[in-house]
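To keep things clear, I will list the structure first and then write my remarks on it.
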Amino acid sequence: MAISVFSRSQMTDEHTKLGTGYKQVVALSLGSNLDNPIEQIEQAYLQIAEHIGEIEKKSSFWQSEPWGFESSNQFVNTCISVITELQPN
């Protein structure tokens, strides 16, 4: 499982009205190419929702060739945006 992280801070009127205050919106790209990759990504969704925050949006899955190393297995990829109160370390 590969994960890339991009984030932007935001405090929107919607969050203020909800009383949730300052939030981070984090974009994660997920990919796997071993042992039922779609199931691995779906398990990652559960762990992310439990430990990081609410998954706001999910892209569809797409396949790609591995790059940077040799493998006969194609990657299954997706991107999600997560709303979290966690702050960067």
Side-chain angles (χ1 to χ4, degrees):
M1 172 75 62
I3 300 177
S4 299
V5 179
F6 307 91
S7 70
R8 65 179 167 83
S9 300
Q10 77 173 30
M11 183 173 188
T12 65
D13 290 338
E14 179 182 332
H15 290 134
T16 304
K17 288 176 190 172
L18 294 172
T20 56
Y22 190 75
K23 299 281 187 170
Q24 292 276 93
V25 176
V26 180
L28 302 175
S29 62
L30 309 172
S32 179
N33 72 333
L34 300 174
D35 301 325
N36 196 344
I38 291 176
E39 184 178 312
Q40 286 193 36
I41 291 171
E42 289 174 344
Q43 287 297 313
Y45 289 160
L46 295 173
Q47 292 296 312
I48 289 165
E50 182 177 341
H51 297 286
I52 298 174
E54 174 190 352
I55 297 175
E56 178 181 43
K57 296 178 186 174
K58 297 178 189 176
S59 74
S60 57
F61 293 113
W62 72 92
Q63 289 187 325
S64 66
E65 297 291 329
W67 56 274
F69 64 95
E70 297 285 326
S71 177
S72 59
N73 300 319
Q74 286 197 331
F75 272 85
V76 173
N77 306 285
T78 188
C79 292
I80 60 175
S81 64
V82 181
I83 299 171
T84 182
E85 292 182 10
L86 298 176
Q87 297 297 312
N89 291 339

| Inter-residue atom distance Cys79.SG - Phe61.CZ, 0.5 Å rounding | 11.0 Å
| message | Less than 4.5 Å apart, side chain to side chain, heavy atoms only: is that true for Gln40 and Asp35? | response | yes
| If you round to the nearest 0.5 Å, how far is CD of Glu42 from CG of Leu30? | 11.5 Å
| task | Can you sort out the partners of Glu54 under side chain to side chain contact (heavy atoms under 4.5 Å, CB included), two or more places apart, ordered by chain and number? | result | Ile83
| request: Measure the CD1-CD distance between Ile38 and Gln43 for me, rounded to the nearest 0.5 Å. | output: 13.0 Å
| message | Among residues at least two apart in sequence or on other chains, which ones pass side chain to side chain donor-acceptor pair (under 3.5 Å) with Thr78? | response | Tyr45, Ser59
| task | Measure the shortest side-chain to side-chain distance between Ile48 and Leu46 over non-hydrogen atoms and say whether it is less than 4.5 angstrom. | result | no
| query | Excluding sequence neighbours, so at least two apart, what forms side chain to side chain contact (heavy atoms under 4.5 Å, CB included) with Glu65? | reply | Gln74
| query | In chain order, what residues pass the side chain to side chain contact (heavy atoms under 4.5 Å, CB included) check against Leu86, with sequence neighbours excluded? | reply | Ile52, Thr84
| query | How far apart are the closest heavy atoms of Phe75 and Gly31, and which atoms are they? | reply | CD2-C, 3.9 Å
| query | Residues in side chain to side chain donor-acceptor pair (under 3.5 Å) with Asn73, at least two apart? | reply | none
| Hey, what do you get for CD1 (Ile41) to OG (Ser32), rounding to the nearest 0.5 Å? | 6.0 Å
| Glu50: what forms a side chain to side chain donor-acceptor pair (under 3.5 Å) with it, not counting sequence neighbours? | none
| At what distance, to the nearest 0.5 angstrom, does OG of Ser81 lie from CG of Leu28? | 9.0 Å
| field | side chain to side chain contact (heavy atoms under 4.5 Å, CB included) between Asn77 and Ser29, worked out | value | CA-CA 7 Å; Asn77 306 285; Ser29 62; over 6 Å; no
